[in-house]
Amino acid sequence: MGDRENVSGSARGRLYERIYDVARGIPKGRVATYGQIAAIVGKCTPRQVGYAMAAVPFGSGVPWQRVINARGTVSERAGGDGREVQRALLEAEGVRFDDLGRVDLSVFGWRGPGLKR
DNA sequence: AGATTGACTGCAT
DNA sequence: CATGCAGCCAATC
């Protein structure tokens with residue numbers, strides 16, 4: 001059978017799978033930026049991370065909500081809604097947002113794989 | 001093969 | 001803090 005690496009219908013894994021793997025490494029109650037993920041994965045830019053996150057299948061086990069932009073804000077993605085859902089999920093994990101809807105990356109920002117706190 | 005878009009980043013104004 | 005511009009690379013048309 002042709003091994004076509006068919007991941008969830010569309011898109012080949014490879015790069016995506018690598019990004020998902022890093023995303024799964026984000027501890028609960030912490031958030032990482034697209035640039036951070038890209039740096040850990042290597043050979044990939046924040047755009048690709050964002051693109052990969054947009055392609056995350058629902059319930060795939062990837063904490064896509066823990067991935068936000070470098071400004072500590074939640075990006076407004078296609079569809080318009082969902083941004084508030086992401087915030088609710090993060091708050092449920094212990095991440096605190098300020099009145100402007102921003103997260104203090106110096107406190108909740110993930111420092112990297114294996115490095116906790 | 002070329003043009004367009006995109007859950008980004010960083011710096012300049 | 002808002003807006004604009006350049007760099008970046010993969011997916012889509």
Side-chain angles (χ1 to χ4, degrees):
Chain A
M1 319 359 176
D3 43 284
R4 268 298 173 219
E5 270 62 72
N6 192 19
V7 176
S8 306
S10 84
R12 64 214 45 31
R14 225 43 118 67
L15 185 57
Y16 283 46
E17 203 174 306
R18 181 79 178 136
I19 293 171
Y20 298 156
D21 185 52
V22 175
R24 288 192 188 97
I26 304 174
K28 179 179 171 190
R30 284 265 226 284
V31 293
T33 67
Y34 298 97
Q36 184 68 64
I37 301 295
I40 294 170
V41 173
K43 305 276 193 248
C44 130
T45 57
R47 284 268 174 188
Q48 270 51 355
V49 177
Y51 208 96
M53 284 293 138
V56 172
F58 186 77
S60 61
V62 179
W64 55 272
Q65 54 232 55
R66 291 179 191 151
V67 185
I68 62 178
N69 62 33
R71 289 173 185 147
T73 59
V74 177
S75 302
E76 184 178 4
R77 59 200 213 283
D81 62 308
R83 188 179 68 174
E84 297 180 19
V85 175
Q86 181 170 5
R87 175 173 171 171
L89 287 168
L90 290 175
E91 288 186 300
E93 294 186 354
V95 178
R96 299 231 262 153
F97 284 74
D98 70 3
D99 292 342
L100 299 177
R102 294 195 304 189
V103 179
D104 190 342
L105 295 177
S106 59
V107 177
F108 298 102
W110 184 38
R111 299 267 186 144
L115 184 60
K116 293 162 196 190
R117 285 216 260 221

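Computed over heavy atoms, backbone and side chain alike; hydrogens, waters and symmetry mates excluded. Chain A is the first sequence line, chain B the second, and so forth, proteins listed ahead of strands; every chain is numbered from 1.
Going from atom CZ of A/R24 over to atom CD of A/E17 covers 7.5 Å, rounded to the nearest 0.5 Å. Atom-to-atom distance recorded for A/E93:CD and A/Q65:CD is 5.5 Å, nearest 0.5 angstrom. Taking SG of A/C44 as the reference point, atom CD1 of A/I19 lies at 4.5 Å (rounded to 0.5 Å). If you take CG on A/L15 and NZ on A/K43, they are separated by 12.0 Å, rounding to the nearest 0.5 Å. The CZ atom of A/R83 sits 9.0 Å away from the OG1 atom of A/T73 when rounded to the nearest 0.5 Å.
If you check B/dT9, C/dC9, C/dA11 against the side chain of A/Y16, the one that comes closest is C/dA11. In the set B/dA7, B/dG6, B/dT9, the nucleotide with an atom closest to the side chain of A/R77 is B/dA7. Taking the side chain of A/Y34 as heavy atoms from C-beta on, and the options B/dA7, C/dA10, C/dC8, the nearest nucleotide is B/dA7. Taking only side-chain atoms of A/T33, from C-beta outward, the nucleotide of B/dG6, C/dC8, B/dT9 with the closest atom is B/dT9.
Residue contacts shown for A/L100 are limited to sugar-phosphate atoms, with no base heavy atom under 4.0 Å away. Within 4.0 Å (heavy atoms only), A/A70 reaches sugar-phosphate atoms of the nucleic acid but no base atom.
At a cut-off of 3.5 angstrom, the base of C/dA10 holds no donor-acceptor pair with the side chain of A/Y51.
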Using distance only, find each side-chain donor-acceptor pair of residues 33-42 of chain A under 3.5 Å and give its atom names and separation, not counting sequence neighbours.
unit_1: A/T33; atom_1: OG1; unit_2: A/Q36; atom_2: N; d: 3.1
unit_1: A/Y34; atom_1: OH; unit_2: A/V67; atom_2: O; d: 3.4

Identify every side-chain donor-acceptor pair in residues 99-106 of chain A under 3.5 Å, counting partners at least two apart or on other chains, and give the distances.
unit_1: A/D104; atom_1: OD1; unit_2: A/S106; atom_2: N; d: 3.0
unit_1: A/D104; atom_1: OD1; unit_2: A/S106; atom_2: OG; d: 2.3
unit_1: A/D104; atom_1: OD2; unit_2: A/S106; atom_2: OG; d: 3.3

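Put simply, CZ on A/F58 is 18 Å from P on B/dA7, counting in whole angstrom units. Remark: C1' of C/dA11 and CD of A/Q48 are 9 Å apart, rounded to the nearest angstrom. In this structure, A/R102 atom CZ and C/dA2 atom P are separated by 9 Å, rounded to whole Å. What separates CZ of A/R18 from C1' of C/dC9 is a distance of 18 Å, to the nearest Å. Remark: P of B/dG10 and CG of A/L105 are 11 Å apart, rounded to the nearest angstrom. The CD1 atom of A/I19 sits 13 Å away from the C1' atom of B/dG6 (whole-angstrom rounding). Between A/N69 atom CG and C/dC8 atom P there is a gap of 21 Å when expressed in whole angstrom units.
In terms of position on DNA chain B, the residue among A/Q65 and A/R71 whose nearest nucleotide sits closer to the 5' end is A/Q65.
Heavy-atom distances under 4.0 Å link DNA chain B to A/Q86 of residues 84-97 of chain A, given in residue order.
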